[in-house]
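To start, the structure under review is shown below, and the notes come after it.
Side-chain atoms are counted along with the backbone in the values below, which use heavy atoms only and exclude waters and symmetry mates. Letters go in sequence order (proteins before strands), and every chain restarts at 1.
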There are 2 protein chains.
Amino acid sequence: MTEITGTGDPARSMALLWRESEPAPRGRGAAAGLSVDRVVTAGIALADTEGLGALSMRRLATDLGVGAMTVYTYVPGKAELVDLMVDAVLGEMADLYTPVSDDWRARLEAVARANWSLYERHPWLLHVAASGRPPLGPGVMAKYELELRAVDGSGLDEVAMDAVVTLVDGFVAGTARGVVEQAAAQQATGISEAEWWAATEPFVARVFDAEAYPTVARVGPIAGEAQQAAYDPRRAFEFGLTRLLDGIAVLVEGTNRS
Amino acid sequence: MTEITGTGDPARSMALLWRESEPAPRGRGAAAGLSVDRVVTAGIALADTEGLGALSMRRLATDLGVGAMTVYTYVPGKAELVDLMVDAVLGEMADLYTPVSDDWRARLEAVARANWSLYERHPWLLHVAASGRPPLGPGVMAKYELELRAVDGSGLDEVAMDAVVTLVDGFVAGTARGVVEQAAAQQATGISEAEWWAATEPFVARVFDAEAYPTVARVGPIAGEAQQAAYDPRRAFEFGLTRLLDGIAVLVEGTNRS
DNA sequence: CGTCTAGCCGTACACTGTACGGTAAGGAGC
DNA sequence: GCTCCTTACCGTACAGTGTACGGCTAGACG
């Protein structure tokens, strides 16, 4: 259920991403009204509502009202389809973020929260390995541009600007992943987070050796009580974001001082 | 290819994790010498060498020299097997980290690097969604204890100690994921990172609109040149770790001042 | 020696992505 | 209006997956 971007032929992928050589529909295709865009949109809708696990070529074809193999007329394979879906969806970033402040820190925080919203809208993004070889289409470019602008004018050089944006994006992805994983576990088991914790905690208490793990014995219960679970991703997001921005501020101040 | 921990029956899982009620082997099993431990060890070996994608019940059974369904005698299902593998492997953290300094920052940095090594040894860990409902076995406990000790004595309260450890663990997982994703893309395509970038870059140059994305046009080439790729996870790790520790230092100093 | 238990495993089901080859519908040229 | 050709469409097949079910049999116990 993990898809990897950038595994198709680069030339073909780039042509698709930028919608080069989309021919005027001829032949039977015109009747069905099918197109790359419609395929991609249907794929996104399916992944949004039922998860990336439900995105099979057969199911997608059924949703589109065509036979399974017909989808391959518009898209070389599932890998390229996912590339297109990712690029399209990252392009939505522009709707989620509008720069307001002239303070880099406020802008960067807004970028982080917009990314968080993106993962809320499209949780399946976290099941796609896109950081290594991102689909360099218009959506990715627009998102990257917008994020770079947030740190532009802070005094950081170009390499640091890129590194800061990458750091914030990665942080948000990591904490958002926590939300998605908990939701997936709940879906897979039918047991809520609280129920699971209630069922597991007694065993922890029984089997636990407070002498072997004294620090866990001290910290665990307090942290567990505060979160009502083994892990609270939303709390982790708020806590981590402040630390991260503090750390970036140290860099910015150091840069502007010298 | 993404597995989710904590999806089995909590009682059964906890009993397995702590190896309760492992009966003295009777019947034919004694001859084959099979046990939960041997199954788990074989699973880890398989995942280490060929990846989590190669870990199928049939393949594991073949490696153990038994029929496919025999594995189910020792382990309720694949989900529980993965739980056991994760706990066993996180227990190795104790071999990778030995506390030396009495400076919390040095200790926390060592924890981060030990986590990085853990993912180098067992990249498949990143294909397991374990943060939501971690397998609370001896390995997880040992790792958590060790990490909490690193920040103990820094002046932070218990809730903050847990949050800091969670933050660092999540950061390392995110950057390590970059390495694993790039390796997976290379394996899937047979094309190296440099070759992919060389094949893609001309298309970027051709299709790219410097007026639409002026900041990308300025920053992208400089960052790309510095990394020789779209993304360099090792660089991101070193850069991010410093920012993160700086940000945590701000918190520690603030706590100790008041 | 008889019985019973527990380890072992063959078969089956509903899925997956996609290679291959066949069918037929629409546009172009006359 | 007829023919031809391009191209969209799609049925079938293959090698996989996790695991429910039920049958077999080897060893332990009375």
Check your understanding: Between atom CG of A:L148 and atom NZ of A:K143, what is the distance when rounded to the nearest 0.5 Å?
Key -> 10.5 Å
Review point. Given atom CG of B:L34 and atom P of C:dA6, what is their separation to the nearest angstrom?
Key: 17 Å
Check your understanding: Under the salt bridge (charged side-chain N to carboxylate O under 4.0 Å, His left out) rule, what pairs show up with a residue in residues 69-85 of chain A, not counting sequence neighbours?
Key -> A:E3-A:K78
Review point. Is it the case that A:Y144 and A:D162 place a side-chain donor and acceptor less than 3.5 Å from each other?
Key: yes
Review point. In whole Å, what is the span from the CG atom of A:L81 to the P atom of C:dT18?
Key: 10 Å
Point to revise | Side-chain ion pair, B:R12 and B:D9, N-O less than 4.0 Å | key: no
Review point. Between C:dT18 atom P and A:L60 atom CG, what is the distance in whole Å?
Key: 12 Å
Revision key, fill the gap. The reported gap from CZ in A:F203 to CD in B:E20 (rounded to nearest 0.5 angstrom) is 8.0 Å
Review point. Would you call B:E193-A:R133 a salt bridge at under 4.0 Å N-O?
Key: yes
Revision key, fill the gap. One should report the stems of DNA chain C, each a stretch of at least three consecutive Watson-Crick or G-U pairs at distances under 3.5 Å, as C:1-30 with D:1-30
Study note, to complete from the structure: So NE2 of A:H127 and CD1 of A:I4: to nearest 0.5 Å the spacing works out to 14.5 Å
Check your understanding: Phosphate oxygens OP1/OP2 of C:dG7: is one of them under 4.0 Å from a side-chain N or O of B:T70?
Key -> no
Practice item. Give the intermediate values and the outcome of side chain to side chain contact (heavy atoms under 4.5 Å, CB included) for residues B:W196 and B:T189. Key: CA-CA 9 Å; B:W196 175 82; B:T189 58; over 6 Å; no
Revision key, fill the gap. Under a 4.0 Å heavy-atom criterion, the protein footprint on nucleotides 16-23 of chain D, written with B, S and -, is -BBBBB--
